[in-house]
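For reference, the structure discussed in these notes is given below.
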There are 2 protein chains.
Amino acid sequence: MQREPTIHDVARRAGVSVATVSRVLNGRGPVAEATRARVLAAVAELGYRPNAVARSLVRRRSCTVGVLVPDIANPFAAELVRGMEAEAAAHGYHIVLACSDLSIAQEVRYIGLFRERQVDGLIYTSGTVTPELQQAFAELGRPVVLAATTVTGPGPALPAVLVDSYAGARLAMEHVLSLGHRRVACLIGSLQDPIAGLPRWQGYRDAAAARGVEIPPEYVVDAGFRLEAAYEATVRLLRLRPRPTAVVAASDLMAIGAMGAAADRGLRVPEDLTVVGFDNIRLAAVVRPALTTVAQPMHEIGARAVSRLLQVLAGEQPEPLVDWIAPRLIVRGSSGPPPA
Amino acid sequence: MQREPTIHDVARRAGVSVATVSRVLNGRGPVAEATRARVLAAVAELGYRPNAVARSLVRRRSCTVGVLVPDIANPFAAELVRGMEAEAAAHGYHIVLACSDLSIAQEVRYIGLFRERQVDGLIYTSGTVTPELQQAFAELGRPVVLAATTVTGPGPALPAVLVDSYAGARLAMEHVLSLGHRRVACLIGSLQDPIAGLPRWQGYRDAAAARGVEIPPEYVVDAGFRLEAAYEATVRLLRLRPRPTAVVAASDLMAIGAMGAAADRGLRVPEDLTVVGFDNIRLAAVVRPALTTVAQPMHEIGARAVSRLLQVLAGEQPEPLVDWIAPRLIVRGSSGPPPA
DNA sequence: CTGAAAGCGCTAACAT
DNA sequence: ATGTTAGCGCTTTCAG
C-alpha cells in the first residue's frame, strides 16, 4: 500500500513544475500543447487523482452540499434526495447526507458539523423552520435552500421550492365533486402545520364551497398524516349516517389507510367509496386499486433545490425567492362516481 | 460576511499558541487547567469551529465514508442507508452519497471521485461485484465493505454483510408447507443473480424436497423481481389445473403483484390463495391483507456494514469476512391453510 | 509560456 | 506545560 501520487510526483515525471501541472489539470492559464501532453501522460502513467481535500482548503470551496432530511427511509425524502443527487452530480458536487429524525437538537448539531466540513451550502428538507434553526442557518454562514418547505413564521425569508399544497387540494376536491360526489370526508393533517396541514385543508374547503358543497364538521378528521390513525378515522367515518361517498386525504399514506378500512368493512373502492390521496409516492401506483392522487414531483423539487443553491453560490439571487411548483392530478382506479 | 475565525484567532484571543489550542480541542497532550479554560472561553466567544478540511489534509483521514447505491429512492436502499447514517454519525463519520442507477460506468466514475474526495472507505450496495468494480476498488486503495451483496465470482473476497437468502427461502417454504399446502408455485428472480435469485430458488426447492413435496416446472416462473411481470405470471399460474394453492415470491414487490392478480381474478387471499414474500419492505405491512414475508433487517445490515468498515479502518480484520444475517419469518394475513 | 514561492487551516514533532 | 515550526497537497500570484 504505497503512498498516493501527488502533484509533485506528476511534475517530476513530466519534467515541469507543479504550477504547470495544476494549470493543465484545471485548464486555466496558457500551456504549450507539448507540455500539456507530457503532463497528461504522466498523470495517466501514475494513475494520479488530485486530492480534493487539499484543493478545497486552498480554494475555500468544497464542492459539497449538506442535505438534512428527517429520515431518508421515508419514501418522500428519498425521492427528494434522489433528485438532489442527480443535479449535484451533474455539476461536480457531492451530497453529504444527515438524518435528523426531526429532532431540532440533532438538526442544529448537524448544521454545526456541516459548518466544520465546509459544505458550500445546505438543503433543508420538509421540516418547519423554527427560530433555533434560523439561528443555526445564520451561524452556518453559507447559503441555505429549503426543499418541500418554506419559511412561514417571522425571520428572514429563504429560497425554497415546494408544491402549492392549497392548489393541489383544490384539484383533488374538484375532481371528486366533478364525479358527482356531494358527501366528501376529509382526512387532514395537523392544522398547526403551515406547510402541508393547513393549506390542504383550506384547499378542500374552498373548492367545496366554490361548488356550493358544505363539509360537515364530523366529516373532517385530523389523522396527523399517519396511516393507522387514518384507518381508525375512516372506520368511524364509515359508520356515520349519511355515510360519505368519498374521502380525500392529505397524504397517500392516509389514503391507503382509508382504503384498508373500506376493504375491512367490505366496501369496494371505488364502487362504494372513492379515495383520493396526496403526494404520489411510488406506493400509490402499486396498491389495488391504484390510488388517484395529487402529484408532488419530488425528484424535480430536489433537483431544483440544488440548482437554486448553485445559483446562489454563483452569486445570483434566485427569483422569485419561493418557487411554487404546480401540483398535478393523477387519476387512477380509486376514484369513480358515487354509488347510485 | 466576515471571515470565519481560525485557530490563530482563538490562540491570539486566549494569549496562547495555536499548538495549545489544538491540544485542548483534541484532548491530547497536557494542558494546564487554567489555560484550557481560557482557550475554551475564546472558542466560545468567537464561535470558533475547527475546519475539518484542513484537519483532514494533515491527518490524512477525512472521517467520511462513500456510499454507492443503485437508487436511493428504492425503499430497500433507503433503509440500508438509514442504518449506515445512524452508525456513521454515532462515530463522527459522515456519509457521502452517490446513486449509480446500476450503471457500471457510473459506479466506476463515482469510485474515482470518492478517491479524490479522500473518503476513508466505501460501502457498496446490492449490485453484483464485477471485475471492473474490483479494479475500481483496487484503485481506490481504501477499504470496501459490501452491504446486501457479496463477492460470488473470482477475485479477492471482501467483507460483506447480507441476509442468508437460501435460509430465508427455506423458512418461507416451510411455513407454507406446514400450513398444509402441497401445490406451491414459486415466483423467482433471475437464476443468473447469485445473491438473491439463485439461492432463494434453491431454498424453496430444497425445503419442498425435504418434505417430499415436488414443485412441477410449470409452477416455477422467473419474474425478474418485477411487480408487473409477477402479476402476469400469476395470472397464468392461476389458470393451471390443478391450480396452486400458494405462491412464494422472492421479493415483496413480486408478492404484491401476485396478490393483485389474485384480486383481479376474484380470488381471496389467503382463503383461496396464500402469498408469501421476501424482504419485508414497509409496504408489506401496509397492503391488504398484510403480507407474510421473510424479513431482511435492512437498517441493521447498513449499520453493521459501517461498523465493519470502521473496524477495518481501526486495523482489525473483520471475522468472519462475510457476515450472514439470519432471516426471520414474519407471519401476517396473506398466508393461511389451503382451501378445503 | 513556465517556475518559484507563499499560503489555505490545521496537527505533530521537536524544542524549551 | 507551552511554543516554534515544518509540513499535508494544492492553487495562485508574481517574476522571469
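All of these numbers come straight from a predicted model, not from anything done at the bench.
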Rounded to whole Å, CZ of R60(A) lies from C1' of dT11(D) at a distance of 12 Å
request  = For R28(A), answer base if it contacts any base atom (sugar-phosphate contacts may also be present), sugar-phosphate if it contacts only those atoms, and nothing otherwise; contact means non-hydrogen atoms under 4.0 Å.
outcome  = sugar-phosphate
Exercise. Using a 4.0 Å heavy-atom cut-off across all strands, classify V16(A) as base, sugar-phosphate, or nothing.
Key: sugar-phosphate
Practice prompt. Ignoring backbone atoms, establish whether N51(A) has a side-chain N or O less than 4.0 Å from OP1 or OP2 of dC8(D).
Written response: no
If you define the side chain from C-beta out and look only at heavy atoms, does anything of I111(B) sit under 4.5 Å from L133(B)? yes
Check the phosphate of dA4(C) against S17(A), side-chain N and O only, distance under 4.0 Å to OP1 or OP2. Yes or no? no
V58(A) has its side chain closest, among dC10(C), dG9(C), dC10(D), to dC10(D)
Should R13(B) and E45(B) count as an ion pair when the cut-off is N to O under 4.0 Å? yes
Considering only heavy side-chain atoms of R23(A), the closest of dA13(C), dT13(D), dG9(C) is dT13(D)
Any base atoms under 4.0 Å from S56(A), or only sugar-phosphate, or nothing? Heavy atoms, all strands.
nothing
(request) Examine the side chains of R109(A) and Q106(A) and answer whether a donor and an acceptor come within less than 3.5 Å of each other. (result) yes
To the nearest angstrom, the CZ-C1' distance between R36(A) and dT2(C) comes to 16 Å
Please state whether the phosphate of dG9(D), meaning OP1 or OP2, lies under 4.0 angstrom from any side-chain nitrogen or oxygen of T6(A).
-> no
Any salt bridge linking D71(B) with R282(A)? Criterion: basic side-chain nitrogen under 4.0 Å from a carboxylate oxygen. yes
When you measure from the side-chain N and O atoms of R61(B) to the phosphate of dC8(D), is any distance below 4.0 Å, counting only OP1 and OP2? no
Quiz item: Hey, is the side chain of R55(B) poking within less than 4.0 Å of OP1 or OP2 on dC8(D), counting only N and O atoms?
Solution: no
note: L57(A), atom CG; dG7(C), atom C1'; distance rounded to Å ~ 9 Å
Looking only at dA13(C), dG9(C), dT11(D), the nucleotide nearest the A19(B) side chain is dA13(C)
Can a salt bridge be assigned to the pair E87(B) and R304(B) using a cut-off of 4.0 Å between side-chain N and carboxylate O? no
When you measure from the side-chain N and O atoms of T20(B) to the phosphate of dA1(D), is any distance below 4.0 Å, counting only OP1 and OP2? no
D9(B) atom CG is separated from dC8(C) atom C1', nearest whole Å, by 14 Å
In whole angstroms, the gap separating C1' of dG9(C) from CG of L46(B) amounts to 15 Å
Checklist entry - Reckon A32(B) touches a base, only the sugar-phosphate, or nothing at all at heavy-atom distances under 4.0 Å? => result sugar-phosphate
